[in-house]
Number of protein chains: 2
Amino acid sequence: MVHPNTQPGTDHGDAGHEVLAGVLQIRNERLQVLLWQRAQGPHRYRWALPGGRLAATEDVEASIRRQLAEKVDVQELTHVEQLSVFSAPERVPGRRIVATAFLGLVPSNTDPEIPADTQWQPVGHLPATAFDHESIVLAARDRLRAKLSYTNIGFALAPAEFTLSELRGIYSAALDYRVAATNLQRVLSRRGALQATGRTVSAGPSGGRPPALFRFTSRDLQITDPFAVLRPPLH
Amino acid sequence: MVHPNTQPGTDHGDAGHEVLAGVLQIRNERLQVLLWQRAQGPHRYRWALPGGRLAATEDVEASIRRQLAEKVDVQELTHVEQLSVFSAPERVPGRRIVATAFLGLVPSNTDPEIPADTQWQPVGHLPATAFDHESIVLAARDRLRAKLSYTNIGFALAPAEFTLSELRGIYSAALDYRVAATNLQRVLSRRGALQATGRTVSAGPSGGRPPALFRFTSRDLQITDPFAVLRPPLH
DNA sequence: GCAAAAGTGTTTTGGGTACACCCATGC
DNA sequence: GCATGGGTGTACCCAAAACACTTTTGC
């Protein structure tokens, strides 16, 4: 047996390779995704994910970061991770293209400049999407929801500093169920993911105690709850 | 903006695409992976993962299943899932090749016929591996370990029917720590993943109570512990 | 004072580990 | 009987939800 690399293929029908990202943000208390509307070609007027062809000198993550830089300020992209490959032979018409899909996250306090054909669309109410892009959006949503539970990934959706009410709103919107601020604080604090800044912000117009400002301990992805079950023995 | 598909690329340096699998099995109380030894070319004599080029009419999962069929009986491959894309431009010498990596599992009671250049190697003691294949093996191992905790994936490593001691041995080898049979039974039973067959097997030569035979309720992957933490409210 | 929002203390619950003890077999 | 391994019952423990209650502001 010979490694494929040493044996120039004949009938591989070498596919092109593209990268696509479901970039998510909490806007107006809802989880939204960045889409652009196709002006031409197949699936005209349908909404598609940002991305494009993989270039010769970059790996897939560098590629999606480069291509997203045309859409949103790189500073604002707080987290990027690979989802999976979409490779059905007929997933796009014409020449075959294999896609590597990504999840991207933008914090809720930013409002990036985006091109005219591009808009944020609610994940719960997607418009007509192009190709297999809807499955990619749903995969991105599911990955985010899962990681909110066992990692500190909230840092990528929240501003650098925030009140617990704001954070509760973010988690509730992403998970689509009511998260209690009181328990959220305890869970994240116990795991060492959350820190009080000591500073506080003035109360709203309707009164109330002025909320304290918090921040995430780390702004890199960390698994905070590694073995939820089947944990190793203590000794 | 135009979708990449509608605009024939010029400088994409279209990469080839291969699929590779870390096929894991518990053998001799250890987690082992299927590797073949390169006889020529770059990385001669090093050990590589099974796989090969993606063909024009198949998606990546069909491709890896087809290519593994040359190595192990398809019947014996109880689980296949995608890991991630490895795409560093120089990951293999010569023409660029992007790889989609997979995890494959084979139950512990089978001993597939394998080609002469192919062997099972302990994941904990890998020989010199080719290209970036070691990272793929470790990714496969880590994915398996994580899923043992929150899914019923044990079904893919265990025979159709087994005693709890056998299952304990399988989990211990895969996780690399002592799993208690008594708790393993409770955890899997409570989740409805495990069933007693009612039948039992005769005791060993050194005596002892004859063990009962169990089976997994389902032989498809199911998430048995969806939200370990940050669970939705009950009402 | 009173309403409103933030934050803390305490109870309850559920699902894990740890471990003592009982069970069924070979010799 | 006795050694050996299998299986159950129970205690313990931790981390989550639920909720009552206190704190701090605006008016």
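Reminder, nothing fancy here: chain letters follow the sequence lines and each chain counts from 1. Predicted, not measured: the structure shown is a model, and the values here were computed from it. The analysis underlying the following values was restricted to heavy atoms, covering all of them including side chains, and did not include hydrogens, waters or symmetry mates.
Residues B:R145 and B:D176 are in side-chain contact: their nearest non-hydrogen atoms beyond the backbone lie under 4.5 Å apart. In this structure, B:L157 and B:I153 have side chains that are not in contact, with every pair of non-hydrogen atoms separated by 4.5 Å or more. Looking at heavy atoms from C-beta onward, A:V80 lies in side-chain contact with A:L77 at the 4.5 angstrom threshold. The shortest side-chain heavy-atom distance between B:L221 and B:K147 falls under the 4.5 Å cut-off.
Remark: P of C:dG7 and CZ of A:R168 are 12 Å apart, rounded to the nearest angstrom. Rounded to whole Å, atom P of D:dA15 lies 14 Å from atom CG of A:L188. When rounded to the nearest whole Å, the span between OH of B:Y177 and C1' of C:dG16 equals 12 Å. The distance between atom OH of A:Y150 and atom C1' of D:dA16, rounded to the nearest whole Å, is 19 Å. Rounded to whole Å, the distance from CD on B:E166 to C1' on D:dG6 is 13 Å. Note: CG (B:L194) to P (C:dG15) measures 17 Å, nearest angstrom. Atom-to-atom, CZ of A:R190 to C1' of D:dC13 comes out at 12 Å; the value is rounded to the nearest Å.
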Identify all side-chain donor-acceptor contacts of residues 159-166 of chain B below 3.5 Å with residues at least two apart in sequence or on another chain.
| unit_1 | atom_1 | unit_2 | atom_2 | d |
| --- | --- | --- | --- | --- |
| B:E161 | OE1 | B:R199 | NH2 | 2.3 |
| B:E161 | OE2 | B:R199 | NH2 | 3.1 |
| B:T163 | OG1 | B:E166 | N | 3.2 |
| B:E166 | OE1 | B:T163 | N | 3.2 |

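Contact check on A:R91 versus A:E18 returns a salt bridge, with a Lys/Arg side-chain nitrogen under 4.0 Å from an Asp/Glu carboxylate oxygen. Using a 4.0 Å cut-off between a side-chain N of Lys or Arg and a carboxylate O of Asp or Glu, B:D111 and B:R27 qualify as a salt bridge. Under a 4.0 Å N-O distance rule, the pair A:E58/A:R65 does not qualify as a salt bridge.
For the salt bridge (charged side-chain N to carboxylate O under 4.0 Å, His left out) condition, no pair includes a residue of residues 119-130 of chain A, sequence neighbours left out.
Taking the side chain to side chain donor-acceptor pair (under 3.5 Å) definition, one finds that B:R46 meets it with nothing, sequence neighbours left out.
Between A:G208 and A:L184, the one whose closest nucleotide on DNA chain D sits nearer the 5' end is A:L184.
Between B:R191 and C:dG16, a side-chain N or O to OP1/OP2 separation shorter than 4.0 Å is present.
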Can you run through DNA chain C from 5' to 3' and write each base as (, ), [, ], | or . depending on how it pairs? Watson-Crick or G-U wobble, both distances under 3.5 Å.
|||||||||||||||||||||||||||

Listing time: all N or O pairs from protein to nucleotides 7-11 of chain D that are below 3.5 Å?
| unit_1 | atom_1 | unit_2 | atom_2 | d |
| --- | --- | --- | --- | --- |
| D:dG7 | OP1 | B:A212 | N | 2.7 |
| D:dT8 | OP2 | B:Q185 | NE2 | 3.3 |
| D:dG9 | N7 | B:R186 | NH1 | 3.4 |
| D:dG9 | O6 | B:R186 | NH2 | 3.0 |
| D:dT10 | O4 | B:R186 | NH1 | 3.2 |
| D:dT10 | O4 | B:R186 | NH2 | 3.2 |

Please list each protein N or O that sits under 3.5 Å from an N or O in nucleotides 11-13 of chain C, with the distance.
none

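Shortest non-hydrogen contact noted between B:L144 and B:L103 is N-CD2, 4.3 Å.
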